[in-house]
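All ligand and atom numbering here is 1-based and tracks the order in the structure. The figures that follow rest on heavy atoms only: side chains count, while hydrogens, waters and symmetry mates do not.
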Amino acid sequence: MIKFLDLQKVNMLHQEAIEARLLNVFRSGWYLLGNEVKIFEQNLQKYIGSRHAIGVANGLDALRLILRAYIELGVMEKGDEIIVPSNTYIASILAISDNGLVPVLVEPDINTYNIDTSKIEAAITAKTKGILIVHLYGRLVFNNDLQLLAQKYNLKVIEDNAQAIGAEYRGVKAGNLGDAAGFSFYPGKNLGALGDAGAITCNDEVLANTIRAIANYGSNQKYVNIYQGLNSRLDEIQAAVLDVKLGYIDQENTRRREIAKRYTEEITNPAIVLPKIPGNELEHVWHLFVIRTAARNTLQQYLSENGIHTLIHYPIPPHKQQAYKNMNDLSFVISEQIHKEVLSLPISPVMTDVEVSTVIDIINNWNDA
Ligand SMILES: *Cc1c(COP(=O)(O)O)cnc(C)c1O
């Protein structure tokens with residue numbers, strides 16, 4: 001059986017270092033807002049190249065907190081619109097609506113699965129205050145047009161960088177391209193904790209301080225509350241683990257690129273549409289390797305019968321979810337096609353060459369007729 005993602009193996013790569021750091025936290029008697037979080041935040045900001053990094057409880061909170069801080073700072077107000085890709089994971093959209101902001105969905109490009117930047121301008125209204133770009137599947141989305149558009153309409157560019165830590169565009173890391181970025185360290189992400197964890201990066205000190213306060217009960221001085229905040233802190237145990245694994249993220253992303261390259265070169269079955277490797281390979285960290293085929297469910301069944309575990313990212317588009325009844329009548333044909341046809345193949349830093357070859361051979365032997 002080839003697992004979709006063998007998390008035990010992924011974490012055992014760093015067993016000694018992780019166990020030592022965990023034991024250290026356990027014995028220290030200090031579990032929140034301590035040195036481990038400080039060290040990880042410093043290393044994360046150094047890695048991303050941003051002036052600030054703030055550890056929080058999870059990726060959804062990271063995005064929620066950025067938008068909430070913009071509201072507290074008077075940059076945005078309830079009812080304002082935020083542009084977001086229509087095929088993203090639901091969390092991107094929840095972060096917007098949870099703050100009383102309005103998600104305005106824009107279709108992706110069928111070739112990159114990322115927001116089609118040429119379609120953004122048509123979605124801008126007098127109420128638009130930001131664009132939440134999502135580097136989906138690990139492929140970075142950013143270009144000059146997007147930057148100019150944001151300047152022209154005075155929009156904040158917020159990155160959902162849950163899936164693309166380590167990706168870079170012209171020497172700038174994802175997470176340092178826009179005004180602020182949210183990261184998820186959910187165990188299955190490229191940089192995964194042993195539970196829930198997340199972070200925010202930005203270069204604006206006022207924004208950073210506001211986020212820090214909101215995430216800590218709206219307070220940056222004990223028992224003095226400036227905002228009606230929430231409790232969203234990264235704990236010391238997760239920070240210690242993440243700090244170890246951050247040291248290996250480039251190496252692990254390189255291994256993902258090698259696997260992606262083999263899949264794209266060696267899967268030759270004409271029934272399969274392969275993802276395209278970007279012109280600069282550094283723009284993709286292959287959180288997921290997503291193929292498309294009209295007979296997706298049949299292929300998934302066939303692969304499962306042949307011992308290959310796959311997943312679907314994602315089976316139902318956000319605008320068709322019961323949670324967003326107000327959007328159920330909208331139509332986003334590209335997203336709907338993507339959601340019907342995509343299938344994610346196993347990819348991870350611990351997959352062996354033999355396993356990759358097995359996946360390739362079994363897919364090439366698939367006959368969907
Ligand atoms: C995982 C993910 C999130 C949410 O992160 P959590 O840590 O699970 O809250 C947000 N956006 C995208 C695109 C994600 O993949």
Treating Asn280 as the side-chain partner and Leu282 as the backbone partner, does any N or O pair qualify as donor plus acceptor under 3.5 Å? yes
Check step by step if side chain to side chain donor-acceptor pair (under 3.5 Å) holds for Glu41 and Gln45. CA-CA 6 Å; Glu41 287 178 344; Gln45 78 194 43; over 6 Å; no
Please compare Ser184, Ala57, Pro85 and report which has the shortest non-hydrogen distance to atom 5 (O) of ligand 1. Ser184
Taking the basic N atoms (NZ, or NE/NH1/NH2) and the acidic carboxylate oxygens, is any pair closer than 4.0 Å for Asp196 and Arg233? no
Same apolar cluster: Leu94 and Leu67, side chain cutoff 4.5 Å: yes
Nearest 0.5 Å, what's the CG-OG distance between Leu60 and Ser232? 9.0 Å
Under 4.0 Å from any heavy atom of Ala162, which atoms of ligand 1 are there? 2 (C), 3 (C), 10 (C), 11 (N), 12 (C), 14 (C), 15 (O)
For His287, state whether at least one heavy atom is located under 4.0 Å from any atom of ligand 1. no
At what distance is the nearest protein heavy atom to atom 10 (C) of ligand 1, and which residue and atom is it? Ala91 CB, 3.4 Å
Please identify which atoms of ligand 1 are closer than 4.0 Å to at least one heavy atom of Gln163. 13 (C), 14 (C), 15 (O)
Selected option - heavy-atom contact closest to atom 3 (C) of ligand 1, from Arg64, His135, Lys189: Lys189
min-distance protein heavy atom vs atom 13 (C) of ligand 1 -> Asp160 OD2, 3.4 Å
Assert yes or no for the condition that the ring centre distance of Phe185 to Phe40 is strictly below 6.0 Å. yes
Which atoms from ligand 1 have a heavy atom of Leu60 less than 4.0 Å away? 4 (C), 5 (O), 6 (P), 9 (O)
Please check if the side chain of Arg292 supplies one atom and the backbone of Val273 the other of a donor-acceptor pair under 3.5 Å. no
Hey, does Phe185 come in under 3.5 Å of ligand 1, counting only N/O atoms on both sides? no
